[in-house]
Chemist: 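Sharing a structure below in structure tokens format, with a few things to ask.
A note on names: the letters A, B, ... follow the listed sequences, proteins ahead of strands, and every chain is numbered from 1.
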Protein chains: 2
Amino acid sequence: MAGSVRREAETDGVDTAVRELLLLMPRMVGRVKRIPVPEALESLSLAPRHLSLLACLLFDGPLTVNDLAARLEVAPTTVSLMVGDLSGKGVLDRREDPADRRRRIVAIAPNQHEAIAAWLAPGAQAWRRVLTPLEPEQRRLFVDTLLAYEAAVAEERER
Amino acid sequence: MAGSVRREAETDGVDTAVRELLLLMPRMVGRVKRIPVPEALESLSLAPRHLSLLACLLFDGPLTVNDLAARLEVAPTTVSLMVGDLSGKGVLDRREDPADRRRRIVAIAPNQHEAIAAWLAPGAQAWRRVLTPLEPEQRRLFVDTLLAYEAAVAEERER
DNA sequence: CAAAGCAGCTTTGATGTCAAAGGTAAATGG
DNA sequence: CCATTTACCTTTGACATCAAAGCTGCTTTG
């Protein structure tokens, strides 16, 4: 099997965990993609797939299309289409960068700011519920391990 | 900002972690979707999106279409199309359940078993690299926390 | 300053995914 | 038994995503 490359006693617990995680990941992804949209925002044709884009803008302020695509690990095409869509509906604010007219600065429309923060809250709530009972160093370990996994996957890709 | 004085020592660490995780998740998902396919399997038109389906079958043996869809948190439609595709190419083996002819039992074709296990190995490798340096109870904590998050998201959805 | 090259975004055509509808087989119950 | 309901899968039509090509404006170079 995939997990049985090594047979030393030391890696035994590791293989069990790896197996669990390999099966868990796709489920988790599927679930996150189905977080419900509050009614207040549904009228603006906002869907779960917009959530991560809006989170980026809310946390890190106005960004360009390429910036967003890089952070979301998604093609610039996709961001461009989503932004075009959402700015047409008044959720986002897309304007030329005066300093470089090739660029488009994307920001959350001020009057939608609050509603969007409210949408993000329950998503964050799930994490908060899980992290609150942990000790600070346990939280740190958890986040660092996920970050390390992300980095490991990125390296895996260059071979 | 991250290093600034903490006002509420207890909740501050949580909020920082939540913020990091909210931004990390979509990136991680994007990366995983781009794990490269070994050349040996590319000729069979296997792509990264097939990986989790094959992992399920490899770990948990033959399953029905609905079972697979539930485990992957994906629509039965999608599984049905993928299975139809892959069984046409000899990667999977789809046959009627003799006990209930509505059901289709899906399994990995025996002669492809090894090649697929080899494909899964590097994906598992990323996890293994990250988990190996941890203490056993740290690994346990990590996996349990992710499982708890999955459960929390599932609950969030029913409101 | 003109020409070539580059950077950032959008458009286009192809593919993946899904919800809803359709088809067939088992279970229920009168 | 036949009729109805339920379970499982597939087909279909609509939409999300992406790679490649196209467009525009900045930057470099002679």
Chemist: Any side chain to side chain donor-acceptor pair (under 3.5 Å) involving residues 104-114 of chain B? Give me the pairs, sequence neighbours left out, ordered by first then second residue.
Modeler: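 Every candidate side chain to side chain donor-acceptor pair (under 3.5 Å) pair involving residues 104-114 of chain B fails, so no pair, neighbours aside, qualifies.
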Chemist: Between the two end axes of the helix from dC1(C)-dG30(D) to dG30(C)-dC1(D), each built from 5 base pairs, what angle do you get to the nearest 10°?
Modeler: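 Rounded to the nearest 10 degrees, the bend comes out at 10°.
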Chemist: Can you tell me the distance, in whole Å, between the CE atom of M82(A) and the C1' atom of dC9(C)?
Modeler: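 Whole-Å distance recorded here is 15 Å.
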Chemist: Applying a strict under-4.5 Å side-chain criterion to I, L, V, M, F, W and Y, I'd like to know whether I105(A) and L58(A) cluster together.
Modeler: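 In one cluster: no.
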Chemist: What I want to find out is whether D85(A) reaches K89(A) closely enough, with some N-O distance under 4.0 Å, to be called a salt bridge.
Modeler: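 Yes.
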Chemist: Identify the 5'-most and 3'-most nucleotides of DNA chain D with at least one atom closer than 4.0 Å to a non-hydrogen atom of chain A.
Modeler: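 First-to-last contact on DNA chain D, by the 4.0 Å heavy-atom rule, is dA16(D) to dC26(D).
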Chemist: Strictly below 4.0 Å, N to O, side chains only: are E73(B) and K33(A) in salt-bridge contact?
Modeler: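 A salt bridge is absent here (no side-chain N lies under 4.0 Å from a carboxylate O).
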Chemist: In this structure, how many angstroms lie between the C1' atom of dT10(C) and the CG atom of D85(A), rounded?
Modeler: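 It is 14 Å, rounded to the nearest whole Å.
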Chemist: Would you mind reporting whether W119(A) and L46(A) have side-chain heavy atoms less than 4.5 Å apart?
Modeler: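 Of all side-chain heavy-atom pairs linking W119(A) with L46(A), at least one is under 4.5 Å.
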Chemist: By a strict heavy-atom criterion of less than 4.0 Å, which residues belonging to residues 50-66 of chain A are in contact with DNA chain C?
Modeler: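 The answer is T64(A), V65(A), N66(A).
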Chemist: Mind calculating the distance between CD (E73(B)) and C1' (dT17(C)) to the nearest angstrom?
Modeler: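 Answer to the nearest Å: 15 Å.
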Chemist: Within the structure provided, determine whether T145(A) and Y149(A) are in side-chain contact (heavy-atom separation under 4.5 Å).
Modeler: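 Result no, sub-4.5 Å side-chain heavy-atom pair not found.
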Chemist: Charged N to carboxylate O below 4.0 Å: is that the case for R27(B) and E150(A)?
Modeler: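 A salt bridge is present here (some side-chain N lies under 4.0 Å from a carboxylate O).
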Chemist: For E39(A), does the CD atom have more than 12 heavy-atom neighbours from other residues, nucleotides or ligands under 6.0 Å away?
Modeler: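 Open.
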Chemist: In terms of side-chain geometry, is the basic nitrogen of E20(A) or R140(B) positioned less than 4.0 Å from the acidic oxygen of its partner?
Modeler: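 Yes, E20(A) and R140(B) are salt-bridged.
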Chemist: Return a single string for nucleotides 19-25 of chain C, one symbol per nucleotide in 5' to 3' order, where B is base contact, S is sugar-phosphate-only contact and - is none, cutoff 4.0 angstrom on heavy atoms.
Modeler: BB----B
Chemist: Using links of under 4.5 Å between side-chain heavy atoms of ILVMFWY residues, direct or through other members, which residues join V29(A) in one cluster?
Modeler: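 Noted: V29(A) shares its cluster with V29(B).
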Chemist: Give a yes or no on whether L54(B) and L81(B) share a hydrophobic cluster (residues Ile, Leu, Val, Met, Phe, Trp, Tyr; joining criterion: side-chain heavy atoms under 4.5 Å apart).
Modeler: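 Each belongs to a different hydrophobic cluster.
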Chemist: Expressed as a whole number of angstroms, how long is the span from L81(B):CG to dC18(C):P?
Modeler: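 Interatomic distance, CG of L81(B) to P of dC18(C): 10 Å.
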Chemist: Between R94(A) and T78(B), just flag the one whose closest nucleotide in DNA chain C comes earlier from the 5' side.
Modeler: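 Final value for this comparison: R94(A).
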Chemist: Could you check if a side-chain atom of V106(A) sits within less than 4.5 angstrom of a side-chain atom of L57(A), using non-hydrogen atoms only?
Modeler: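 Touching, per the 4.5 Å side-chain cut-off.
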Chemist: Look at D97(A) together with R102(A) and state whether they make a salt bridge at an N to O cut-off of under 4.0 Å.
Modeler: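 Looking at R102(A) together with D97(A), the answer is no, because their closest N to O distance does not fall below 4.0 Å.
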Chemist: Using a heavy-atom cut-off of under 4.0 Å over every strand shown, decide if V79(B) touches base, sugar-phosphate, or nothing.
Modeler: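 Touches nothing.
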